[in-house]
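Below: the structure, in structure tokens.
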Amino acid sequence: MIQTAFVVSVSDDNSQAQVLPMITGACLSCKERCAQRGTPFAVSNEKNFEIKEGSVVSIATSQKAEAVQSIISLFAPVLCAIAAFFLSPAISQVFFHRPATEGFKAACSLAGIVIPAAIVFAVSRFKIRPARPHIEKVF
């Protein structure tokens with residue numbers, strides 16, 4: 001991901017900044033600030049660019065981090081749903097002592113996709129801190 005952002009604040013040592021994303025590249029020369037959207041988020045200044053409040057910067061994230069996030073968030077729930085479908089006969093026998101019906105298989109598949117998706121969502125929101133986006137260029 002590469003995105004243009006407006007610097008809101010800079011840390012004392014110039015290693016981090018709070019930025020607001022901008023909608024388009026056409027807004028770079030505009031002084032009206034109408035393109036500011038969303039909430040500020042932190043970015044790192046790994047290349048030690050000279051930035052200050054009001055600077056317009058290009059930010060990027062690690063492609064590796066994006067790929068890992070995509071794989072986990074998309075494939076983990078799907079694989080769990082498939083596993084739940086194939087394990088549903090065993091689950092039915094152990095807990096209910098009868099063969100699995102089609103409805104039970106569907107319910108297991110649904111639970112197999114919803115529960116892991118909720119876990120991925122919760123962990124990504126509260127536990128895992130992915131690599132912080134960094135400043136690629138100052139305009």
Side-chain angles (χ1 to χ4, degrees):
M1 172 194 81
I2 296 176
Q3 185 172 340
T4 305
F6 181 77
V7 177
V8 177
S9 66
V10 181
S11 65
D12 292 333
D13 61 354
N14 203 32
S15 65
Q16 296 182 34
Q18 290 285 325
V19 298
L20 280 171
M22 294 181 75
I23 296 173
T24 66
C27 299
L28 294 177
S29 62
C30 180
K31 303 295 183 200
E32 298 299 317
R33 298 184 182 177
C34 57
Q36 296 178 20
R37 297 287 186 264
T39 57
F41 61 95
V43 296
S44 63
N45 187 8
E46 298 168 355
K47 297 179 182 177
N48 293 320
F49 290 115
E50 188 62 38
I51 56 173
K52 60 183 185 247
E53 288 183 27
S55 297
V56 177
V57 296
S58 174
I59 58 173
T61 57
S62 165
Q63 290 180 350
K64 181 180 175 184
E66 284 183 5
V68 169
Q69 179 185 5
S70 298
I71 289 169
I72 291 172
S73 64
L74 294 175
F75 291 123
V78 171
L79 293 176
C80 288
I82 292 169
F85 176 79
F86 287 112
L87 291 174
S88 61
I91 295 169
S92 180
Q93 282 295 332
V94 169
F95 291 106
F96 304 111
H97 306 293
R98 60 182 172 167
T101 63
E102 292 301 315
F104 185 75
K105 289 179 182 180
C108 285
S109 298
L110 184 62
I113 203 164
V114 170
I115 293 169
I119 291 169
V120 166
F121 178 78
V123 168
S124 69
R125 295 288 180 232
F126 304 113
K127 296 288 183 189
I128 296 175
R129 298 289 179 232
R132 183 172 288 174
H134 58 276
I135 298 174
E136 280 290 310
K137 183 170 55 169
V138 179
F139 295 101

As an exercise, state the distance from [atom1] of [X] to [atom2] of [Y], rounded to the nearest 0.5 Å.
X	Y	atom1	atom2	answer
S44	I135	OG	CD1	7.5 Å
F75	I82	CZ	CD1	10.5 Å
L87	K105	CG	NZ	11.5 Å
T61	E136	OG1	CD	9.5 Å
L110	I115	CG	CD1	9.0 Å

Could you tabulate the donor-acceptor pairs under 3.5 Å formed by side-chain atoms of residues 92-102, not counting sequence neighbours?
residue: S92; atom: OG; partner: R98; partner atom: O; Å: 2.7
residue: Q93; atom: NE2; partner: R98; partner atom: O; Å: 3.4
residue: H97; atom: ND1; partner: Q93; partner atom: O; Å: 3.4
residue: T101; atom: OG1; partner: F104; partner atom: N; Å: 3.1

Can F6 and V19 be said to form a side chain to side chain contact (heavy atoms under 4.5 Å, CB included), step by step? CA-CA 5 Å; F6 181 77; V19 298; over 6 Å; no
Are I91 and I113 joined in one hydrophobic group, where the rule is that I, L, V, M, F, W and Y side chains link up if heavy atoms are under 4.5 Å apart?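 No, separate clusters.
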Would you mind listing every side-chain hydrogen bond (donor to acceptor under 3.5 Å, both in side chains) that reaches into residues 5-20, with sequence neighbours excluded?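 Sorted result for residues 5-20: S11-D13, D13-S15, Q16-R132.
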Which atom names give the shortest non-hydrogen contact between A42 and P133, and what distance separates them?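 Here A42 and P133 meet closest at O-CD, 3.9 Å.
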Please report the shortest heavy-atom distance between G112 and A84, naming the atom on each side.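 Answer, listing the atom of G112 first, then A84: CA-CB, 4.1 Å.
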Could I get the full list of side-chain contact (heavy atoms from CB on, under 4.5 Å) partners for [X], not counting sequence neighbours?
X	result
V68	I72
F121	R125
L74	none
K64	S62

Contact list for residues 48-57, test salt bridge (charged side-chain N to carboxylate O under 4.0 Å, His left out), sequence neighbours left out: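 Pairs touching residues 48-57 that pass the test: none.
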Criterion side-chain contact (heavy atoms from CB on, under 4.5 Å) against Q3, the qualifying member of V43, V57, I59: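 Going through the options one by one, the only one that passes is I59.
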